[in-house]
Every structure is written in C-alpha cells, then in structure tokens.
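A quick write-up on the structure given underneath.
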Amino acid sequence: MNWAETLHTSWAAVRSHSLRSLLTVLGILIGIAAVILTVGLGLGTQKDVSSQISSLGSNLLIVSPGSSTSTAGVRGGFGTGTTLTASDATALASSVNAPDIVGVAAEKNTSLALTANSTNWTTTVTGTTPSWLDVRSRTLLSGSFITDADQASAASVVVLGSETATELFGTTRVVGQTVSIDSRTFEVIGVLASAGSNSSSNLDDLAIVPQSTAASQLVGGTGSSSVSTIYIKAASDAQLSAAYQEAQAVLLNLHSISDSSSADFTISSQNALVSTATSIYQTLTVLLTGIAGLSLLVGGIGVMNIMLVSVTERTREIGLRKALGAPPWAIRRQFLVEAAILGLSGGLLGAVLGIGAAFLLPGVIGSSIVISPAAVGLSIGVAIAIGLVFGVYPATRAARLAPIDALRSE
Amino acid sequence: MADARERAQLSGRPAADLDEPVIQLLGARKVYKSGSIEFEALRGVDLEIRAGEYVAIMGPSGSGKSTLMNVLGCLDTLTHGSYRLAGNDVDELDEAELAEIRNQQIGFVFQQFNLLPSLEAWRNVELPLVYGRVPAHERRKRAERALERVGLESRFANKPGELSGGQQQRVAVARALVGEPTMILADEPTGNLDSVSTEDVLGLFDELHALGRTIVLITHELEVAQRARRIVRVRDGLIQDDDGADPGTSARGIEAAA
Ligand SMILES: Nc1ncnc2c1ncn2[C@@H]1O[C@H](COP(=O)(O)OP(=O)(O)OP(=O)(O)O)[C@@H](O)[C@H]1O
Ligand SMILES: [Mg+2]
C-alpha cells in the first residue's frame, strides 16, 4: 500500500465520522487559534508601539488632567476633568522655570460638525497654539499653519487634516476654501501632511484652529480656559526626565499642591505608553499561551482517545487486512496517518478561526494583531505533530493485534 | 518427530520441491488460556497435504477444525509441535514474514464472508494485491478478471451491502484467488449459503482444483465434503480418520526411509 492509498484510506475513515472527527479536533483547533493570536498580538503590539513612537516623537511628554494614581474621588479619573488650563501651558513654556523644555502645545479638543458646500463631516476640532506643529512633529502638505497673529486676533482660520479635507472637498487642494464650523465661517489656510494613525486616534482626521478662537467662538462658558492635553517637547531624549521633573514642579506650584502623590494631573511619556501596551500584551500572551498549551494537550488526548475507539471499532477490519497480508507497519502507518489527518484538520480549522479572530478582536481589545504566515504554517505543522505523537500508541496497538483475535472479535 | 538437525536441512530445500508436502504439521498442540482455565483444542495432530490436493476437514462442533485452519493459515501459532508451510518453518518467522506468506501463498474464504462494507466489490477483491505491492492499474485489471471468473463482473462497483449472501461469498472467493495463491483455505464457506449458492461456490472450488490449486475446506455437511478428494475427520482435537493419508509419505515414513 503506497502513501497515496494510505492517505486515501485514512481520509475516508476520518470522513466517515465527520462530526465525531470535528469534535475530536476541537481542542487542537482552539489551541492553534490561540497560538496564531498570541504570535499575531506580539507582532501587532510591536507595530503599534513603533508607529506610536514615530507618530509622536520620542522626546515627548504628555500632560493629562486628573490623576491615574490616586483613588481619592474628588479629582476624577485620568483624562477627565478641567484641571489643566491654557495658563499652565504658558508657564511650562517659560525657559526660566523649565530650561529643558523647548516646546509646549496645549490642545483643547471638541468634536464638532464641519460643513463645506453642503457636505457634513464630524471630526475633532483642536484649539491650539502655533507651537503645535513643531511639538507634534508634523508637517504641512500645503498652505501655512496658524500664526501668533491668528492667535492674538482669534482669527477664523482652520488647518485641516488630509483626510478631513478629502472627506469635505474630495481633494486636499483646499487652501483658500471656506468651511463652517458650528455655523461660523472659517478660512482653510493649510492642510497637514499625512501621519497615519495609531491605535487610539486617526492622526489625519482633525481640524486645527487658534486656541483663542476655539475658546471664544466654539467652546464658550466655564470650560473655555481648560485644555484637554498639554504636549511638552524636551530638548532631547536625554533631557526627558529633567523636563519631566521641571514640568511636575511648575504644575504642582501653579496648582498649589505640595504633595506630588495628590497631583491633579498626570504626566506620561512614550515610555509609559510603550509599557502600557507591553503589559496588555504580556497579560494576553500569558492567557493565550495557557489556553494554547492546555487546548493542545487536551486536543492530543482527544485524538488518542478517538483513535483508540477507532482501533476497537475496526478490530475486525484490522484482522481481515492482516489475514490478507498487511504487515504490522502498514497497519501502524494507516492509523498514524489517520491521526495526522485529524491533527491537520484541527490545525487548518484553528488557523481559519485564528485568522478570523485576528480581524475581529482588534476592535475589542484595542491592540492590532498581525498574522504571520510563518507562524500559521508552523502551528499547522505542530498540529500534525500532535496528531502523530498522540496517534503512536493507538496505531501501535492496532499493529500488534494478533490477526486471529482481531478477526474473531465482534 | 524429526530432530532439529534434520529439520534444519529440510528448511534449506527450495519451496517448489515437489516431493515435500505443502503442509506438514507434526505433533501440533494448541492450548487456549482464558484466565486460569486452559483448554487444549488440538492435542497432537499430524497432517500432511501435498500440492494440488483437495481436502475436506469434518468433525463435530468444538472439535478443533477452525483452530486447525487458523494454524494452517498462519493466523494463529501452535503451543507445541511444528508447522512447515511450503518449505518454511512457520515458528521461525516474524509477523511481517507471516503477513507476506499469507499474502503470497494463501487465499482465505470465511463463513462470515469478511468483506469490508465501505469498499466496492472490486476494491475488496484487490486488497491482497494492495499488500502485495502490485501497481494500481494492474490490480484493477486482475480484480476485474477475478470477478469475471466468479460470474460477478456486473457487480464490479457494488458495495457488499448491495449483494446477496451468495454473491458476497463469490466476491470473497474472487478475493481469495486474485493473488494466485498456491493454497485456498475455506472455513465453512457454504455455512451461510442456500443450496444454489453452495453449488456456485463448490463449482468454483472444483475449477480451482482442476487448475492445480491446493484446497482445504472445513464443513459440517457430508455432501459438501464429498466434493473433495480426501476427507479428514477431527474429533476432540485429534485426527480420528483420514481417508487419504498415505503411510509411505508421513513424517515417520520419511524418518524410516532415511
Ligand atoms: N480463543 C479461544 N479461547 C478459548 N477457547 C477457545 C478459543 N477458540 C476456540 N476455543 C475452544 O477450542 C475448541 C475448538 O474450537 P474450534 O473453533 O476450533 O471448533 P470448531 O471445530 O471449528 O467448531 P465449529 O464447528 O462449531 O466451528 C472449542 O471447544 C472452543 O471452545
Ligand atoms: Mg469453526
């Protein structure tokens, strides 16, 4: 019996019990899917982190209102509240108080509808200062950025992200056009060059207006002087921690807080973002690796179990084949191939599940998953190997059956 | 019983030696153990069958006929005694070699047909060739010819479940003869068949005998046994009567002549 015939015979045996075979390979299926996701998540996190660093610049500090460390209820959680103001940003920009800080840009973000020629588009409208372009390491595709004069006069000018421009006008050549924001007319003076997106926001879909304009025209009332985020650019990577100390001292002083552990703001660096991403990744990896290991073990035992059942069911067939001249190795090979086919089916189905989950999961866990063909190929190989390893014992049992006992069995 | 030296000399002889019996059973004993209970199903059987003989083995139920047949077919091993098949000392062969002997020398026909239900008739017939490493296209041709010989060429692609009992047994006969074995062993091949189908199968055996095949057939029915040229009667694990035994060619006879 050659390989092709062995394959054909074994495939027919698996097919003749398709539901049973499917249930048997469930463990392997889940295990392989978990392996593919684990590897994909690792690669995805790496990609996220590097794109985030390249999109923000590595010598950047981010000040957010609220505290991420304190549990004392009054100040509110991280990223919420109105504890940061435009004057905090002005103080940080002072080269006397903070010599290691070379640039400061406060952002006041609001989601608003923009209208151009009856086309509507809702996006993040950011009120900020001219320093933003440098601090966020962005460049212009065309036109110019907001200036100190615009800031001083609260001019009705806007700089659009490239995607925002395309959504509104169908093109990025829009300098000189007008858009209306919150039923006020703004002139488009520039378009930002594309910077891609990181996992948390689309860097190309935004509209930038002078901070003064945002405060006076778009977000009135008590919230007008508060800002959403202050970005601080340190002179260099090496001066990042010095800049961090200075920023903290300045803000604690301004907010009249003596104990840094009760600060009403949070300063984070890219390193912090990286370590958050990494810790999410590590938790998921431990979880998925555990699932993968257990599933593969259980799956392997499942294969062994069903192969033992199969040998018992087909004892008479084995006896007959032996009587007709099948040597022990041919019987062993037939059952090993059958076990390998079970493993392979589990592996293939697991790969389908894993790849499917890789498309759906990022929306849920907020971290990208990158499918690596090598990992998929390798894990299918592992699935076959599991089938083989756990098939050895049943196959050997089948091969060792005495022909007459096998023939006589009922 | 021949001594060890003499047996060693015998085993050196070519299998095609016409003087030597195809089957040579000396002092064959078979003890079945189930738990602590032992049962001796063969209690010292001497039997020689020459190439081309047509032998029927008869005896009451439980007398050891099937046990004897399983030993002859290399499906089971003896507890004591020796068995030489076509010049080979069966005791000295391993599983793979026994498998090859069954494949090349023996065609089995069982009372229960023993066809694989999932395979078409011709797939069942080609099974011995599959393990005999015959190429696929040739196997199909030979399976077709074998089915033609048993008059079932029209049932080529039917599965066993779609055939009558008599037709199934004819498929089994086709499977037994497809590999051109020197010997056909049949354990009550007509036990499950009516008189017409019995006649079909026995007619096939007559043809095979005419072609020079050795046939050993177990049966309860005297009518069936009488188709054979020699009847061996077994009782309680011993040969009670053998109408074809030739004292001049028995093992003791060889020893005496030597
Ligand atoms: N595997 C076994 N274990 C224990 N005893 C066995 C076994 N096989 C057969 N026997 C016993 O050996 C004796 C001979 O059995 P065997 O099958 O050879 O009889 P038989 O002559 O073929 O009978 P029948 O005509 O009913 O088929 C019986 O008494 C049977 O009970
Ligand atoms: Mg019997």
Side-chain angles (χ1 to χ4, degrees), chain A residues 1-21 306-307 309-338 341 395-410, chain B residues 30 32 34 41 66-78 93-120 123-136 139 160 172 175-179 181 185 187:
Chain A
M1 186 173 259
N2 63 28
W3 279 105
E5 282 158 351
T6 308
L7 268 176
H8 182 267
T9 307
S10 304
W11 175 238
V14 171
R15 274 261 311 271
S16 68
H17 297 286
S18 34
L19 179 62
R20 185 171 95 181
S21 303
I306 219 68
M307 289 308 299
V309 169
S310 181
V311 169
T312 306
E313 277 178 352
R314 282 151 64 196
T315 301
R316 216 182 150 85
E317 173 185 337
I318 295 165
L320 176 72
R321 287 182 184 272
K322 289 191 154 195
L324 299 181
W329 63 261
I331 301 289
R332 180 181 295 113
R333 188 167 80 177
Q334 185 182 333
F335 281 91
L336 272 181
V337 168
E338 192 174 324
I341 288 179
T396 304
R397 242 169 89 149
R400 289 222 183 112
L401 281 173
I404 189 59
D405 296 339
L407 255 184
R408 270 210 214 98
S409 83
E410 218 26 82
Chain B
K30 177 70 188 176
Y32 288 117
S34 17
S66 295
T67 306
L68 179 58
M69 180 69 81
N70 294 333
V71 168
L72 295 183
C74 301
L75 293 170
D76 210 348
T77 50
L78 288 174
L93 303 178
D94 66 17
E95 258 296 323
E97 289 165 328
L98 288 176
E100 180 155 353
I101 289 215
R102 289 194 292 265
N103 186 255
Q104 302 293 319
Q105 314 266 0
I106 303 170
F108 289 99
V109 182
F110 304 95
Q111 181 175 2
Q112 315 293 344
F113 316 148
N114 275 337
L115 299 173
L116 295 184
S118 59
L119 301 183
E120 294 91 348
R123 288 265 180 210
N124 267 290
V125 172
E126 70 157 3
L127 275 177
L129 304 179
V130 166
Y131 294 112
R133 296 190 212 97
V134 177
R139 293 204 303 256
R175 183 181 64 194
L177 56 84
V178 74
L185 296 182
D187 191 347

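Lettering of chains follows the sequences in order, A, B, ..., and the numbering in each one begins at 1.
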Checklist entry - Where does Arg408(A) contact chain B at under 4.5 Å (heavy atoms): side chain, backbone, both or neither? => result side chain
Next on the checklist: Given heavy-atom pairs under 4.5 angstrom as the criterion, report whether the side chain, backbone, both or neither of Glu5(A) touches chain B.
Outcome noted: side chain
Spacing of [atom1] belonging to [X] relative to [atom2] belonging to [Y], to within rounding of 0.5 Å:
X         : Y         : atom1 : atom2 : value
Leu127(B) : Leu324(A) : CG    : CG    : 6.0 Å
Leu407(A) : Phe110(B) : CG    : CZ    : 5.0 Å
Ile331(A) : Glu95(B)  : CD1   : CD    : 10.0 Å
Asn114(B) : Arg316(A) : CG    : CZ    : 4.5 Å
Leu116(B) : Arg314(A) : CG    : CZ    : 9.5 Å

Checklist outcome for this item: Residues Gly325(A) and Tyr131(B): closest non-hydrogen pair is O-CB, 3.5 Å
Item to check | Shortest non-hydrogen contact between Ala326(A) and Ala99(B), atoms and distance | outcome: O-CB, 3.7 Å
Next on the checklist: Looking only at heavy atoms and a cut-off of under 4.5 Å, which of Pro327(A), Ala12(A), Ala406(A) has the most pairs with chain B?
Outcome noted: Pro327(A)
Next on the checklist: Only pairs of heavy atoms separated by less than 4.5 Å count here; which of Pro328(A), Ala402(A), Gly319(A) has the most with chain B?
Outcome noted: Pro328(A)
Item to check | Heavy-atom side-chain contact between Pro403(A) and Arg102(B) under 4.5 Å | outcome: yes
Item to check | Residue Arg139(B) versus chain A: region with a heavy atom under 4.5 Å | outcome: side chain
Checklist entry - Any chance CZ of Arg20(A) has more than 12 other-residue heavy atoms, nucleotides or ligands included, within less than 6.0 Å? => result yes
Next on the checklist: Among Leu75(B), Thr77(B), Asp94(B), which residue has the highest count of heavy-atom pairs closer than 4.5 Å to chain A?
Outcome noted: Leu75(B)
